[in-house]
Every structure is written in C-alpha cells, then in structure tokens.
Amino acid sequence: MGFRDYGGMTRFSGKAITIQCLETNQVLRETLDEAGEGRVLVVDGQASKRCALLGDILGAKLHRNGFSGIIINGCVRDTEDLGKLPVGVKALNTCPVKPGKAPVGTKGEPVTFAGITINTGDWVYADAGMFS
Ligand SMILES: O=C([O-])CC(=O)C(=O)O
Ligand SMILES: [Mg+2]
C-alpha cells in the first residue's frame, strides 16, 4: 500500500479513533480539538492524492492535544515541519493542495483500507514496516 512516515516518530500506538472523509478535513479538524489521551487517528481519505488532509498546523495540534499519531489513507503537506514533531504521521504521499473545509465525513464508524478494518477503540500499533 505504500505508507510512508512523515512524523518524527515511526513507532507509536494507542486506541484508534476513526474518520472517513474525501478531500475535506473539517471532521478531522474538529476531532483534533479533543483531548488526544494518547489516541491514534485513523483517517480513511479514500487514497485521494488530489489534496492533503494534514499539514504543519494540524500536525502541531495533534501533538499539542496529546494524540500519539495519525495514519492517513491519503496525503499530507508541510512535511519538513511535520518531521520535527514527536508524533507519528503515516500517509501515502505528499500533495501541495489544501483540502476543502466542508463538514462532510464520518467519525467513529469502522474504516477499511490496506486490507484491514479498524474500529474506534481498537488498539493500533504502528512501526516502520506497517503497511509497507
Ligand atoms: O490547510 C489544511 O487544512 C492543512 C494544512 O496545511 C495544515 O494543517 O497546516
Ligand atoms: Mg499548512
């Protein structure tokens, strides 16, 4: 599936919180305002490479609010800054295009990509070999 590491940590773990969205990251933005409590965001962006769902600003919030990391079936941007954060960020690729802001998507529903289904509350253990 070709997931790559863009965060400062390649090993991270925590309880999953699942999101599905397509080329818009408003549901992700709102979720990042919660207390992370070591959780891992698992975002099914449906493998779109047309825009990035996370960049330096949301990445900083991910760290500040106490999430362990994020796994995105989609793209990120601002990767130089993401790499300085002590959180995990796995994504398919980079894309310079910003996402839409429409509040469209699901949160807390099971997501399926890379051949596995992840539910909110599942424990996720990520390392450098994950999904590669
Ligand atoms: O614009 C966005 O939503 C993504 C982004 O670049 C950031 O989080 O810095
Ligand atoms: Mg940015």
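If you're wondering where the values come from, they're calculated on a predicted model, not measured in any experiment. Ligands are counted one by one from 1 in listed order, and the atoms in each one are counted from 1 as well. We count residues from 1, following the sequence as given.
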No-hydrogen, no-angle side-chain donor-acceptor test under 3.5 Å, Thr18 and Thr120: yes
Is Ile116 reachable from Phe3 through a run of I, L, V, M, F, W or Y residues, each pair having side-chain heavy atoms under 4.5 Å apart?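 Same cluster: Phe3 reaches Ile116 through Ile, Leu, Val, Met, Phe, Trp or Tyr contacts under 4.5 Å.
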Transitively linked via ILVMFWY side-chain contacts under 4.5 Å: Leu53 with Leu41?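 As far as the 4.5 Å side-chain criterion goes, Leu41 and Leu53 are connected within one cluster.
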Any nitrogen or oxygen of Ile57, side chain or backbone, less than 3.5 Å from one on ligand 1?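 In this structure, Ile57 places an N or O atom under 3.5 Å from an N or O of ligand 1.
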Could you tell me whether Leu58 and ligand 1 have an N or O pair separated by under 3.5 Å?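 Yes; the residue has a nitrogen or oxygen that sits under 3.5 Å from a nitrogen or oxygen of the ligand.
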Which residue supplies the protein heavy atom nearest to [atom], what is that atom called, and how far is it?
{"atom": "atom 2 (C) of ligand 1", "result": "Arg29 NH2, 3.4 Å"}
{"atom": "atom 4 (C) of ligand 1", "result": "Gly55 N, 3.7 Å"}
{"atom": "atom 1 (O) of ligand 1", "result": "Arg77 NH2, 3.0 Å"}
{"atom": "atom 9 (O) of ligand 1", "result": "Asp56 OD1, 2.6 Å"}

If you measure from each non-hydrogen atom of Ala52 to ligand 1, which part falls under 4.0 Å: side chain, backbone, both or neither?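 Neither; nothing of Ala52 gets under 4.0 Å from ligand 1.
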Test of understanding: given a 4.0 Å heavy-atom threshold, classify the contact between Asp78 and ligand 1 as side chain, backbone, both, or neither. side chain
Could you go through Val89 and Val76, starting from their C-alpha distance and side-chain angles, then the distance that decides it, and tell me whether this counts as side chain to side chain contact (heavy atoms under 4.5 Å, CB included)? CA-CA 9 Å; Val89 179; Val76 294; 4.1 Å; yes
Under 3.5 Å donor-acceptor, Lys98 side chain and Pro96 backbone: no
Can you check whether Asp127's main-chain N or O pairs, donor with acceptor, with Lys90's side chain at less than 3.5 Å?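 Indeed, once roles are kept as given, a pair shorter than 3.5 Å links the two residues.
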Distance from Cys75 atom SG to Arg50 atom CZ, nearest 0.5 Å?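 So the SG of Cys75 and the CZ of Arg50 are separated by 10.5 Å.
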Judged by non-hydrogen atoms, does Lys61 sit under 4.0 Å from ligand 1?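 The answer is no, since Lys61 has no heavy atom less than 4.0 Å from ligand 1.
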Looking at Leu54, Leu58, Val42, Leu82, which one forms a side chain to side chain contact (heavy atoms under 4.5 Å, CB included) with Ile70? Leu54
Closest to the Mg ion (ligand 2), which N/O/S atom of Asp78 is it? OD2
N/O/S atom name from Asp56 that is nearest to the position of the Mg ion (ligand 2):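 In Asp56, the heteroatom (N, O or S) nearest the Mg ion (ligand 2) is OD1.
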In sequence, state the C-alpha distance, the side-chain angles, and the governing distance for Arg39 and Glu34, and then conclude on salt bridge (Lys or Arg N to Asp or Glu O under 4.0 Å). CA-CA 10 Å; Arg39 290 177 296 170; Glu34 297 177 10; 3.0 Å; yes
2.8 Å cut-off met by an N, O or S atom of Asp81 to the Mg ion (ligand 2):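 No N, O or S atom of Asp81 is closer than 2.8 Å to the Mg ion (ligand 2), so no.
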Considering the heavy atoms of Lys101, write down every atom of ligand 1 situated less than 4.0 Å from one of them. 1 (O), 2 (C), 3 (O)
What are the atoms of ligand 1, with element, lying closer than 4.0 Å to any heavy atom of Pro99? 1 (O), 2 (C), 3 (O)
